[in-house]
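As structure tokens, the structure follows; a few thoughts come after it.
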Amino acid sequence: QVQLVESGGRRVQAGESLHLSCTASGRTFNTYTMAWFRQAPGKEREFLASTRWTGGNRYYADYADSVKGRFAITRRNANAVSLQMNTLKPEDTAVYYCNANDPVPGSTTYWGQGTQVTVSS
């Protein structure tokens, strides 16, 4: 059974940093794109950052413009990805989700259950 489990979400003050982790199990995700999304109350789920496999043990990182320069994604291994978030703002408050997507068309996309990040002003 495939599972993605996020951890690290909590309440912080504006300006602080937070590190989120996601670990996948149930299969090997080495060729999958693993990414982070978030969803704030009343808003659609938003893409934040991804790591796309480019061959061997290499992954290409990509970011949404809204978080570029503040957030950093790291693919720790085939089945683990983290998100370092710096200079957090109240508008970063959301549930943060880990995602694993096989680039092969028609393949399954997996989601974690989410971890809550709350940034107080």
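Predicted, not measured: the structure shown is a model, and the values here were computed from it.
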Distance (rounded to the nearest 0.5 Å) between Thr51 OG1 and Trp36 CH2: 11.0 Å

Indicate whether any N or O donor in one side chain lies under 3.5 Å from an N or O acceptor in the other, for Asp62 and Ser50. no

Does the distance from a Lys or Arg side-chain N to an Asp or Glu carboxylate O, for Lys68 and Asp65, drop under 4.0 Å? yes

Nearest-0.5 Å distance that lies between atom CG in Leu83 and atom SG in Cys98: 10.0 Å

Looking at Tyr59, does the NZ or CZ of Arg75 lie under 6.0 angstrom from its six-membered ring centre and within 45 degrees of the ring axis? yes

Can you measure from CG (Asn99) to CH2 (Trp111) and round to the nearest 0.5 angstrom? 4.5 Å

What's the spacing between Ser82 OG and Leu20 CG if we round to 0.5 Å? 8.5 Å

Side chains of Glu46 and Ser66: do they bring a donor and an acceptor to under 3.5 Å? yes

Should Ser17 and Gln84 count as side-chain neighbours, where that means a heavy-atom distance under 4.5 Å? yes

Validation row, ring centre Trp53 to ring centre Tyr60 under 6.0 Å: no

Please report the interatomic distance CD(Gln3) to CD(Gln113), rounded to the nearest 0.5 Å. 8.5 Å

Over 60° means perpendicular and under 30° means parallel, so tell me whether Phe71 and Tyr96 are parallel, tilted or perpendicular. tilted

In terms of heavy-atom contacts, Met34 and Ala80 come closest through SD-N, 4.2 Å

Could you check whether any side-chain N or O of Thr93 sits under 3.5 Å from a backbone N or O of Val119, counting only pairs where one atom can act as donor and the other as acceptor? yes

Let me check something: do Tyr63 and Met85 share a hydrophobic cluster, defined by ILVMFWY side-chain heavy atoms less than 4.5 Å apart, either directly or through other members? yes

Please report the closest heavy-atom contact between Ala94 and Gln39, naming both atoms and the distance. CB-O, 3.4 Å

Would a line drawn from the ring center of Tyr97 to the ring center of Phe37 be shorter than 6.0 Å? no

With no hydrogens and no angle check, is any side-chain donor or acceptor of Asn79 less than 3.5 Å from a backbone partner on Thr28? no

Do Arg11 and Ser120 have side-chain atoms, one donor and one acceptor, less than 3.5 Å apart? yes

Looking at Gln13, I'd like to know if its CD atom is crowded, meaning that more than 12 non-hydrogen atoms belonging to other residues, nucleotides or ligands lie closer than 6.0 Å. yes

Could you walk me through whether Leu18 and Arg10 satisfy the side-chain contact (heavy atoms from CB on, under 4.5 Å) test, starting with their C-alpha distance in whole Å, then the side-chain angles of each, then the deciding distance to 0.1 Å, before giving a yes or no? CA-CA 8 Å; Leu18 204 56; Arg10 60 183 178 89; 3.4 Å; yes

Are Tyr32 and Arg27 linked by a side-chain donor-acceptor pair shorter than 3.5 Å? yes

Is it true that the side chains of Thr33 and Asn101 contain a donor and an acceptor less than 3.5 Å apart? no

Measuring only between side-chain heavy atoms, which start at C-beta, is Thr118 closer than 4.5 Å to Val12? no

Among residues at least two apart in sequence or on other chains, which ones pass side chain to side chain contact (heavy atoms under 4.5 Å, CB included) with Ser107? Asp102, Val104

Quick one: pull up CZ in Arg70 and CG in Asn86 and give me the separation to the nearest 0.5 Å. 8.5 Å

Backbone of Gly114 reached by a side-chain donor or acceptor of Glu6 within 3.5 Å: yes

